[in-house]
Amino acid sequence: MALKKCFRQVAARANENSLVMQAIVLVGGEGTRLRPLTYGTPKPMVPIVNVPFLARTMERLYAADIRDVILAAGYMPQAIVDYFGDGSRLGLKVTYAIEETPLGTAGALKNVEEHITGPFFVLNGDILTSLDLPAMRQYHQRKGGIGTLHLIRVDDPSPFGCVVHDESGKVSAFIEKPPKGEEPTNEINAGTYLLEREILNYIPAGRKVSIEHETFPQVIAAGKALYAYTTDDYWLDLGRPEQYLAAHRDVLSGMMPLLVELGISGEGKEVLQGHPGIVPPVHAAGDVVVDASARVGPNVVLGESCSIGADAVIRESVLWDRVSVGSGAVIEHSILASRVTVGPKARVGAGSVIGHDVSVEPGATIEPGSRLGSPP
Ligand code: GDD
Ligand code: MG
C-alpha cells in the first residue's frame with residue numbers, strides 16, 4: 001500500500017515536470033538601443049563573455065529540464081538558425097518561427113500555437129538572470145492561475161512593466177512603461193512568464209499584439225488569475241550598452257554566476273598569465289596576442305584573435321573577435337564589435353560603441369559616448 005502511494009507520488013511528480021517541457025524565447029526585436037552592434041549581429045547573438053547570449057539562455061533552459069524550445073525570431077534570423085540548427089548540439093529540440101513582420105510579444109506566441117502542447121515558459125530574449133526556473137514552475141503549479149509572472153524590484157520602474165498584486169500574489173494591474181513619477185509600484189515585469197495554453201484564447205490571430213499593453217490587461221479584466229513571483233535574483237535587461245558592460249562586470253566578478261572562472265580566464269588565459277600588464281578580471285578567447293608592454297584590465301573581455309599592440313591600454317571594455325588595437329591606443333568603458341581596427345595612439349572615450357569593421361584612424365580621438373558604424 002505504502003509502496004503504491006509512493007509510486008503514485010513519483011509518477012505525479014514526473015507528470016508535473018513533463019507538463020512544462022516547452023519554452024518560447026522571444027528574439028524578434030531589432031535591438032535598436034544596442035546599435036550599431038545590432039547592425040551586424042542580432043541582439044540574441046551578441047556575445048556575453050565570448051558566448052552568444054542566446055546560447056547562455058539555452059543552457060539555462062537545459063539545466064531546468066526543458067528540452068523543447070521555440071525561437072520566435074524576425075530580425076536577422078539566419079545568424080540564429082546557423083548557430084543553433086536543430087538544437088541537437090545542445091541536447092535540445094529547437095523550432096523556429098520567423099515573423100515576416102514583427103507580431104509583437106503576444107502575437108509571436110499566437111503564431112506558434114500549433115506547436116504548444118501544454119503550459120509553457122516565455123522568456124524575453126535579452127534578460128540575464130539567475131532565476132530558478134524549476135522553483136518558478138513549482139510556484140505556478142501551487143497557485144494554479146492562468147499564468148505566473150516573474151517580478152523583481154528596481155529603483156527606477158518607469159522603463160519597465162509595473163505589476164501590482166495583492167498579498168496572495170494575485171495580479172490586479174499591469175501597466176507598461178508608466179510615465180516617471182506615476183509608477184504604482186517598484187515591482188516590475190522581469191520578462192519570464194509561465195503560461196497556461198488557455199491564455200492563447202485571449203490573443204487575436206493575424207496581427208501585431210503586445211502581451212504587455214493588451215493581453216495581460218485583458219486577462220486581468222476578464223477576472224483570470226495571474227500570479228506574481230517576486231524574487232531578488234540577479235537580473236539585468238541587456239538592451240542598452242551601459243547594461244551590456246555592467247553584465248560583463250557582474251559575470252567577471254562572480255556576482256552573476258555563469259560558469260566563467262574568476263581572475264584570468266578563457267581559452268587565451270595562458271597568454272595572459274604572468275603578463276605584467278594584466279589587471280584581473282580579464283577573459284580572453286583563443287589566439288589572442290597581447291604585447292608585453294600593453295595594459296589590459298580590469299573587467300576586459302577579448303574575443304578570438306584580438307591583437308593588442310605595444311603600450312596600448314584597455315580598461316573596462318569588451319572587444320569582440322578579431323579586433324586589432326594599435327600601439328599606444330587607449331580604450332576605456334567601450335564596446336568594439338568584430339573586426340574593428342583602432343590605429344596607433346588613437347583614444348576611444350568612455351561609453352563609446354563601435355560597430356563591425358569600423359577603422360579608427362591613427363591618433364584619432366573618439367569622443368566619449370560616440371556611436372560609430374552604419375547599417376550594412
Ligand atoms: N518574436 C518577436 N516578435 N519578439 C519580439 C517582438 C516581436 O514582434 N518584439 C519584441 N520582441 C522580443 C525582443 O527581442 C525582446 O527579447 C523581448 O521581446 C522584449 O522586447 P524589448 O524590446 O526588449 O522590450 P523592453 O525591454 O522594452 O520591455 C520588456 O521587457 C521588460 C524587462 O526587461 C517588457 O516585457 C517589459 O514589461 C519588461 O519590464
Ligand atoms: Mg528588453
Side-chain angles (χ1 to χ4, degrees), residues 23-35 37-38 41-46 48 52-54 56-58 69-77 79-81 95-113 115 120-129 131 147 149-164 171 173-178 183-193 195 203 206-217 220 226 228-231 233-244 246-247:
I24 301 170
V25 189
L26 298 173
V27 290
E30 288 188 29
T32 43
R33 290 163 291 188
L34 275 183
R35 285 178 185 162
L37 300 174
T38 43
T41 301
K43 183 160 68 167
M45 299 306 285
V46 161
I48 290 291
F53 179 61
L54 184 55
R56 304 261 182 214
T57 301
M58 297 293 226
V69 180
I70 300 169
L71 296 180
Y75 177 70
M76 297 183 79
I80 302 173
V81 177
T95 307
Y96 299 90
I98 316 277
E99 298 157 32
E100 290 286 310
T101 54
L103 289 171
T105 44
L109 307 181
K110 187 71 175 175
N111 189 40
V112 297
E113 185 166 21
H115 298 293
F120 54 102
F121 273 108
V122 178
L123 275 66
N124 280 357
D126 56 354
I127 303 298
L128 181 64
T129 179
L131 169 68
L149 278 48
H150 176 222
L151 310 187
I152 55 133
R153 295 184 188 88
V154 294
D155 293 335
D156 176 14
S158 143
F160 301 106
C162 289
V163 185
V164 184
V171 174
F174 189 111
I175 302 137
E176 180 69 5
K177 302 192 175 86
E183 305 93 334
T185 169
N186 67 344
E187 284 181 70
I188 61 128
N189 168 26
T192 301
Y193 323 125
L195 304 175
I203 307 172
R207 71 164 171 91
K208 190 169 183 175
V209 187
S210 158
I211 202 163
E212 297 89 350
H213 286 284
E214 296 180 60
T215 314
F216 287 147
I220 295 162
L226 279 177
Y229 181 62
T230 308
T231 73
D233 279 288
Y234 180 88
W235 184 89
L236 197 76
D237 177 323
L238 290 167
R240 282 182 286 134
E242 315 84 75
Q243 293 156 330
Y244 179 76

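Ligands are counted one by one from 1 in listed order, and the atoms in each one are counted from 1 as well.
- Side chain to side chain, T32 and E30 fail the donor-acceptor criterion of an N or O pair below 3.5 Å.
- Looking only at side-chain heavy atoms (C-beta outward), K43 and T38 come within less than 4.5 Å of each other.
- Atom CZ of residue F174 and atom CG of residue L226 lie 9.0 Å apart, to the nearest 0.5 angstrom.
- Atom numbering of ligand 1 starts at 1 in the shown order; those under 4.0 Å from a heavy atom of Y193 are 35 (O).
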| Stepwise side-chain contact (heavy atoms from CB on, under 4.5 Å) check, V209 with K110 | CA-CA 9 Å; V209 187; K110 187 71 175 175; over 6 Å; no

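- Looking at F216 against ligand 1, nothing comes within 4.0 Å, counting heavy atoms.
- The option with the heavy atom closest to atom 29 (C) of ligand 1, from among T129, L236, N124, is N124.
- Proximity to K43 (heavy-atom distance under 4.0 Å) selects the following atoms of ligand 1: 23 (O).
- When non-hydrogen atoms are compared, ligand 1 lies under 4.0 Å from the backbone of P102 as well as from its side chain.
- In this structure, I203 and G107 approach most closely via the heavy-atom pair CG2-N, 4.3 Å.
- What you find for P77 and I98 is that their closest heavy atoms are CB-CD1, 3.5 Å.
- Ligand 1 has no N or O atom lying under 3.5 Å from any N or O atom of P159, backbone or side chain.
- P241 has its side chain within reach of L34: a pair of non-hydrogen atoms, C-beta onward, lies under 4.5 Å apart.
- Distances from ligand 1 to the non-hydrogen atoms of G104 include at least one value under 4.0 Å.
- Looking at heavy atoms from C-beta onward, V163 lies out of side-chain contact with F216 at the 4.5 angstrom threshold.
- The protein does not reach atom 20 (O) of ligand 1 closely, with no heavy atom under 4.0 angstrom from it.
- In terms of heavy-atom proximity, S158 sits nearest to P178 at OG-O, 3.3 Å.
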Go through N124 and Y193 one step at a time and tell me if the side-chain contact (heavy atoms from CB on, under 4.5 Å) criterion holds.
-> CA-CA 9 Å; N124 280 357; Y193 323 125; 4.3 Å; yes

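- Tally of protein N, O or S atoms closer to the Mg ion (ligand 2) than 2.8 Å: 2.
- Close contacts of ligand 1 with K177, meaning ligand atoms under 4.0 Å from a residue heavy atom, involve 25 (P), 27 (O), 28 (O).
- Nearest non-hydrogen protein atom to atom 38 (C) of ligand 1 is N189 O, 3.2 Å.
- Under 4.0 angstrom from ligand 1, the non-hydrogen atoms of R33 all belong to its side chain.
- Of the protein's non-hydrogen atoms, the one nearest atom 15 (C) of ligand 1 is L26 O, 3.8 Å.
- Protein heavy atom in closest approach to atom 4 (N) of ligand 1: G28 N, 3.0 Å.
- R35 CZ: more than 12 foreign heavy atoms inside a 6.0 Å radius.
- Only side-chain heavy atoms of I127 come within less than 4.0 Å of ligand 1; its backbone N, CA, C and O stay farther off.
- The atoms of ligand 1 that sit less than 4.0 Å from any heavy atom of G29 are 4 (N), 5 (C), 11 (N), 12 (C), 13 (C), 14 (O).
- With a 4.0 Å cut-off on non-hydrogen atoms, E176 touches ligand 1 through its side chain and not its backbone.
- Partner T105 forms a side-chain hydrogen bond (donor to acceptor under 3.5 Å, both in side chains) with one of E214, E212, H213 and no other, that one being E212.
- Ligand 1 places these atoms under 4.0 Å from at least one heavy atom of L103: 8 (O).
- Residues forming a side-chain contact (heavy atoms from CB on, under 4.5 Å) with I80 (at least two apart in sequence, or on another chain): V27, P42, P44, M45, L54, L71, A73, F84, Y96.
- When side chains are defined from C-beta on, P217 does not count as touching I220, because their heavy atoms never get closer than 4.5 Å.
- With W235 contributing its side chain and I152 its backbone, the two residues share no donor-acceptor pair below 3.5 Å.
- Of the heavy atoms in Y75, none comes closer than 4.0 Å to ligand 1.
- The nearest heavy-atom contact from the protein to atom 23 (O) of ligand 1 is D126 OD2, 2.8 Å.
- Residue-environment remark: CZ (R207) exceeds the threshold of 12 foreign heavy atoms within 6.0 Å.
- The shortest non-hydrogen separation linking F120 to L109 is CE1-CD1, 4.4 Å.
- Taking only nitrogen or oxygen atoms, main chain and side chain alike, G161 reaches within less than 3.5 Å of ligand 1.
- Among protein heavy atoms, atom 26 (O) of ligand 1 sits closest to D237 OD2, 2.9 Å.
- If you check each of E99, H150, E212 against atom 34 (C) of ligand 1, the one with the closest non-hydrogen atom is E212.
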